[in-house]
Amino acid sequence: MIELILFFKIIAAIIAIESKNLLSAIVSLGAVGFALAIIMVFLNAPDVAIVQVLVEVVLLVILVRATLHRDLTDLKGKREFFVKVFGIVAVGAFFLGIAWGLISLPVFGSFPETAVSVAVPSEWYLAHGLRQTGISNIVTAVLLDYRAYDTLGEVTVLFSAILGAVVILRKKR
Amino acid sequence: MNNMPLAYGLAMILFAVGLYGVVCKKNAVKIIISLLIMENAVNLFILLIGYRKDGIAPVMVKGQEASEFASMAVDPLAQAIVITSIVIGLSIVALMIAIAIRLYDRYKTFDTSKMKDLKG
Amino acid sequence: MSEIVKTITSLVMDAIAVFGIYIVFYGHLSPGGGFAGGLIISFLFILLFLAYGQKKAIKRLPYHFIRRINFVGLLGVFVLFILAVYSGVFELSLWKGQDFSLLSGGIIPPLNLAVWLKVGAGIFMVFVTLSVFRSTQDE
């Protein structure tokens, strides 16, 4: 099931990159994001699925608002030959490196054995999360208690990115 | 090796599609879209690694034993990290779009090869 | 926008607000939390903005007010973190209520609320920045 939706996602991604119209490219990007939300429901991650759906909606509204009334057609003229060759070489090298790494990964769906050094804290959180923090949603417990400094940094990054956007887009006097 | 995971491979193909777009396209909005596809693929890969077959969501229900819950639920750490990553991705996209709009106001086009001041 | 969109928006708005607040206050018991609730609340105002036009929406929620909420949320997160570090309430609690009840979890529900304010104001500020500034410039 997951593989089927993934095939659909790859087709939508290729359409989003290769389509001539910028608006249809943005709509195809929305298809990619919502397919990811469906996959998250199948992967038993309701928290992340809620956030992904909402972020995708806001993202599409922002992208359409930003490109509205600008030239929506794709650009004419070819990229230089060297750049295209470099792109294909980069993708090939990426696949060579990935194939070596994917072989050593364990079977899909065997979580505690996935990567020994990573799975130890996760099992600790699952076993002692309710007793130590007193809340039953373990994802929120990890987000706001065990790894709270991650959230602090995330809030700071959000703040400074918004400040940067405001400074870039302000009117010239 | 006989059960090489298909889902991992498909996520990597999605990442490669995004990589091709970033390197080979010259429309600024197309480059932003390709970066978003790459980010999607990475989030998906992190979640796939934390999956447990026939598992349950990491939210406890009343009357559940902690040890039994710990032997069934999927990875909570991967989900927490992916939530953080998604929200950071949204704010970074806002910054990128702001820069793209400014470049459009200055050069009247989204074509990155026409922007002479950016050439190194 | 047309009359249909305005009517539907005014009918649906209260339900969206209640859902956004519910998802924050029960974020420690069920799926949800500060990030999802903040996004829902910001999307409520984005809907208002798109349906009624920017003048009426800005009149209902002024821009300097959003900016102030943004700062208050960031300040709240920082203060709660410092409180948590210096008094060691990460494991213990201000109120250690019954498990699976609304008033439990110590520092986590207030922290959820602070993150909710920050994310909601921040995302709406992104939208207002990207739409208001460019439309005034194009004229």
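This is a predicted model, so every value here is computed, not measured. Chain identifiers are assigned alphabetically (A, B, ...) following the order of the sequence lines, protein sequences preceding nucleic acid strands; residue numbering begins at 1 within each chain.
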Partner chain B: residue of A:V139, A:V58, A:L143, A:V142 with the largest heavy-atom pair count (under 4.5 Å): A:V139
I'd like to know which of B:I56, B:V82, B:D54, B:V22 tops the heavy-atom pair count under 4.5 Å against chain A. B:I56
Between A:F94 and B:F15, does the ring centre distance come in under 6.0 Å? yes
Does any heavy atom of chain A fall under 4.5 Å from the side chain of B:I97, the backbone, both, or neither of them? side chain
Chain B contact via A:F159 - which portion, at a heavy-atom distance below 4.5 Å: neither
Tell me, please, which residues at least two apart from A:V55 pass side chain to side chain contact (heavy atoms under 4.5 Å, CB included). A:V51, B:I86, B:L90, C:L39
Can you name the closest pair of heavy atoms from A:A13 and B:L14 and give their distance? CB-CD1, 3.8 Å
Engaged part of B:V29 at the chain A interface, taking heavy atoms whose separation is under 4.5 Å: side chain
Which region of B:V93, side chain (C-beta onward) or backbone (N, CA, C, O), has a non-hydrogen atom less than 4.5 Å from a non-hydrogen atom of chain A, or is it both or neither? side chain
Just so I understand: if I count every heavy-atom pair under 4.5 Å between each of B:V17, B:I81, B:N43 and chain A, which residue has the most? B:V17
Taking the side chain from A:N137 and the backbone from B:V59, do they hold a donor-acceptor pair closer than 3.5 Å? no
Side chains of B:T84 and A:D150 only: does a donor on one sit below 3.5 Å from an acceptor on the other? no
Sort A:L36 into side chain, backbone, both or neither according to what part of it lies under 4.5 angstrom from a heavy atom of chain B. side chain
Report the distance from atom CG of A:D145 to atom CD1 of A:I138, rounding to the nearest 0.5 Å. 10.5 Å
Chain B contact via A:L43 - which portion, at a heavy-atom distance below 4.5 Å: both
Please determine, among B:A100, B:A78, B:S85, B:A57, the option with the most heavy-atom pairs under 4.5 Å with chain A. B:A57
Which bit of A:L158 comes within less than 4.5 Å of chain B, counting heavy atoms only: side chain, backbone, both or neither? both
Taking atom CG of A:L29 and atom OG of A:S24, what is their separation to the nearest 0.5 Å? 11.5 Å
Under a 4.0 Å N-O cut-off, is there an ion pair linking B:K25 with A:E18? yes
Taking side chain as everything from C-beta outward and backbone as N, CA, C, O, which of these in B:Y20 sits under 4.5 Å from a heavy atom of chain A? Side chain, backbone, both or neither. both
Greatest number of non-hydrogen atom pairs under 4.5 angstrom with chain A, of B:M96, B:M12, B:Q79, B:K62, falls to B:Q79
Pick out which of B:I31, B:I37, B:L35 makes a side chain to side chain contact (heavy atoms under 4.5 Å, CB included) with B:I33. B:I37
